[in-house]
Amino acid sequence: MHDIRLLRDQLDHLREGMRRRGKLEELAPVLDRAETLERERRTAITELEAQQARRNKVTQEVAQRRKAGDDAAELIAEGRAIGETIAGLEARRQEAEAAVQRMLYELPNITLPEVPEGDESNNRIVSSWGTPRTDGESLTAHWDKGAELGILDLARGAKVSGSGFIVYRGAGAKLVRALMNMMLDLHTTEHGYEECWVPVVVNRTTMTGTGQLPKFEDDMYALNEEGMFLIPTAEVPVTNLYRDEILELSDLPRGLCAYSPCFRREAGSAGKDTRGLLRVHQFDKVELVRYATPETSRDELERLTREAETVLERLELPYRRLLLAAGDTGFSSAMTYDLEVYAPAVGKWLEVSSCSVFTDFQARRANIRYRPAPGEKPRFVHTLNGSALAFSRIIASIMEHHQQADGTVRIPAALQPYYGRATL
RNA sequence: GGACAGGUGGCCGAGUGGUUGAAGGCACCGGUCUCGAAAACCGGCAUACCGGCAACGGUAUCGUGAGUUCGAAUCUCACCCUGUCCGCCA
């Protein structure tokens with residue numbers, strides 16, 4: 001969420017931000033109304049408060065007369081009349097405030113200057129690691145390999161829940177457990193993160209804090225119980241941990257990591273891109289979340305992204321880092337790197353991580369602040385997060401990239417202590 | 001799920017209809033004292049918003065929302081949360 005003051009004096013800045021995302025056409029009507037709405041909001045407040053001040057005076061006068069034993073009937077009648085006026089003005093204020101709030105909730109974050117303009121065709125590959133296999137033709141796709149090895153049971157997942165719900169069996173289930181432990185150990189022992197285990201069901205306020213709501217309710221699994229949702233990422237509960245709190249400067253930067261299952265409806269159609277483990281409704285992920293000061297948040301993004309890349313290097317999977325163009329950058333994000341890993345049999349690069357700095361966009365929504373120095377006013381923190389990593393596509397990539405001539409799948413050295421064997 | 005008890009400022013904790021934004025304490029900031037520190041003493045110390053170049057003025061905020069009233073931290077209702085006991089349960 002943006003600072004409401006931008007609607008007054010930085011509308012051009014907001015317009016430019018929307019233009020860079022390619023959203024100007026869509027959002028121009030909204031922004032055109034912004035100035036009027038904001039002026040109306042302030043007018044309503046001013047008028048309301050003037051009447052409230054009047055009422056407070058009258059009320060005090062009543063008290064004084066009562067005390068002195070004088071008659072106050074006239075004043076009481078006046079107070080009653082003011083009360084009716086106030087009720088009307090209050091309704092108007094609420095309406096104006098809600099209108100501005102709705103508008104603010106609709107506007108995505110403004111990307112950093114170094115983020116390229118335009119849609120995803122302007123995404124930039126900024127670095128890469130390892131060498132993708134070129135013999136994909138001769139490899140077995142992960143969905144077939146998974147069935148062959150008996151570690152993926154897609155049919156029964158579909159039976160139990162629906163398409164896009166995966167059952168891992170035997171060695172596959174153990175692989176999930178191994179990945180989880182390997183990643184969490186790496187981040188806690190080498191990268192300095194505190195491990196958290198968090199709820200996967202959260203309330204509406206929490207979903208709003210990180211920016212999923214109100215705009216993306218359709219992407220979410222909502223529970224029948226009023227206002228509860230399954231999380232699409234551990235980012236949601238972990239970032240909200242410090243909602244409505246003021247952190248000490250000495251707490252920053254701070255890193256939290258958490259494993260969680262992630263639930264996404266992603267109303268996508270079936271087809272090649274959704275086959276096997278490519279796009280599923282429930283997947284597992286280890287998430288990194290960082291709280292930083294505005295001064296360091298940009299550097300923190302590099303650090304966070306490197307930490308995610310480290311996982312891929314330990315898994316010996318070739319990857320590339322993309323700097324997303326403004327139009328492809330998530331709603332709340334100011335700058336995002338995607339990490340993609342190659343699946344040679346599928347012949348596609350798969351997104352396995354998305355590392356973002358949100359500047360103060362989430363912090364303002366969730367009201368997460370820090371005190372720069374004792375006695376100073378609190379400021380909003382900057383939040384960051386990144387997947388490190390999402391399992392399902394990693395598993396797909398492992399099954400394809402580490403496929404050996406004899407049909408077995410090699411387990412990378414760093415994972416072997418957790419998995420217990422050298423092959424799947 | 002049921003029965004009680006409770007939610008007040010950064011923290012603890014008074015306060016049951018009228019200068020209560022809210023006693024007192026702690027913490028914090030400034031000062032006196034001290035070689036220095038501690039202690040003691042003095043003073044300061046909420047947040048957000050509106051108007052104003054500013055000085056400053058105003059409004060709101062005692063879990064949330066609605067209601068009663070000229071006036072609500074205080075009374076009424078609903079909801080949320082916490083604690084304790086009971087029930088149920090992996």
Side-chain angles (χ1 to χ4, degrees), chain A residues 1-10 34-104 197-209 213-214 222-229 237 240-252 261 291 360 363-381:
Chain A
M1 186 168 67
H2 296 288
D3 189 334
I4 199 165
R5 275 168 290 213
L6 295 186
L7 299 182
R8 277 182 244 170
D9 44 37
Q10 300 210 42
E35 243 179 321
T36 316
L37 281 177
E38 166 58 9
R39 201 178 313 112
E40 162 62 15
R41 184 184 73 91
R42 278 182 293 156
T43 306
I45 289 172
T46 306
E47 290 180 18
L48 170 67
E49 291 187 352
Q51 293 305 310
Q52 286 174 324
R54 250 186 90 204
R55 180 183 63 188
N56 289 345
K57 281 217 174 67
V58 169
T59 282
Q60 276 177 25
E61 183 71 15
V62 170
Q64 275 173 22
R65 291 212 189 170
R66 280 271 169 88
K67 218 173 201 173
D70 294 342
D71 177 54
E74 209 174 294
L75 287 174
I76 288 174
E78 188 184 350
R80 190 175 295 131
I82 297 173
E84 280 162 23
T85 311
I86 286 178
L89 289 171
E90 171 66 21
R92 186 175 144 206
R93 198 213 88 224
Q94 280 184 16
E95 203 174 304
E97 211 121 76
V100 171
Q101 188 69 256
R102 273 196 302 273
M103 176 170 56
L104 283 174
W197 197 272
V198 292
V200 300
V201 175
V202 298
N203 60 35
R204 186 171 283 276
T205 309
T206 296
M207 277 295 196
T208 306
L213 291 180
L223 303 186
N224 288 333
E225 186 176 353
E226 189 56 44
M228 301 298 273
F229 299 86
N240 275 280
L241 247 30
Y242 291 99
R243 192 175 69 228
D244 294 324
E245 293 194 32
I246 299 174
L247 304 172
E248 292 307 319
L249 186 62
S250 56
D251 291 335
L252 301 172
Y291 298 88
D360 61 4
R364 183 172 285 109
R365 282 180 167 236
N367 192 28
I368 307 168
R369 296 176 294 172
Y370 74 102
R371 207 176 288 283
E376 264 189 56
K377 278 191 150 193
R379 299 168 68 192
F380 290 115
V381 302

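Residue numbers start from 1 in every chain, and the chains themselves are labelled A, B, ... in the order their sequence lines are given, proteins ahead of strands. Side chains are part of it too, since the values below use all heavy atoms of this structure and drop only hydrogens, waters and symmetry mates. Worth saying up front: this structure is predicted, and the values here are computed from it rather than measured.
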Roughly, in whole Å, what's the span from [atom1] in [X] to [atom2] in [N]?
X        : N      : atom1 : atom2 : result
A:Ile246 : B:rA46 : CD1   : C1'   : 10 Å
A:Gln52  : B:rC49 : CD    : C1'   : 12 Å
A:Ile45  : B:rU59 : CD1   : P     : 15 Å

Using both distances under 3.5 Å as the test, list the Watson-Crick or G-U wobble partner of [N], or none.
N      : value
B:rA46 : B:rU61
B:rG10 : B:rC26
B:rG52 : none

Please work out if [X] contacts a base, only the sugar-phosphate, or nothing of the nucleic acid, heavy-atom cut-off 4.0 Å.
X       : answer
A:Arg65 : nothing
A:Val62 : base
A:Arg39 : nothing
A:Gln60 : nothing
A:Glu90 : nothing

**Study point:** B:rG18 base / A:Arg66 side chain donor-acceptor hit below 3.5 Å
**Key:**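 In this structure, the two groups form a donor-acceptor pair.
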May I ask you to evaluate whether [X] reaches the phosphate of [N], defined as a side-chain N or O under 4.0 Å from OP1 or OP2?
X       : N      : value
A:Asn56 : B:rU59 : yes
A:Arg80 : B:rG71 : no
A:Arg54 : B:rG71 : no

Point to revise | Salt-bridge present (A:Glu61, A:Lys57; N to O < 4.0 Å) | key: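 Judged by the 4.0 Å cut-off on N to carboxylate O distance, A:Glu61 and A:Lys57 do not form a salt bridge.
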Check your understanding: Are any of the side-chain heavy atoms of A:Ile86 and A:Gln52 separated by less than 4.5 Å?
Key ->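 They are in contact (side-chain heavy atoms under 4.5 Å apart), so the answer is yes.
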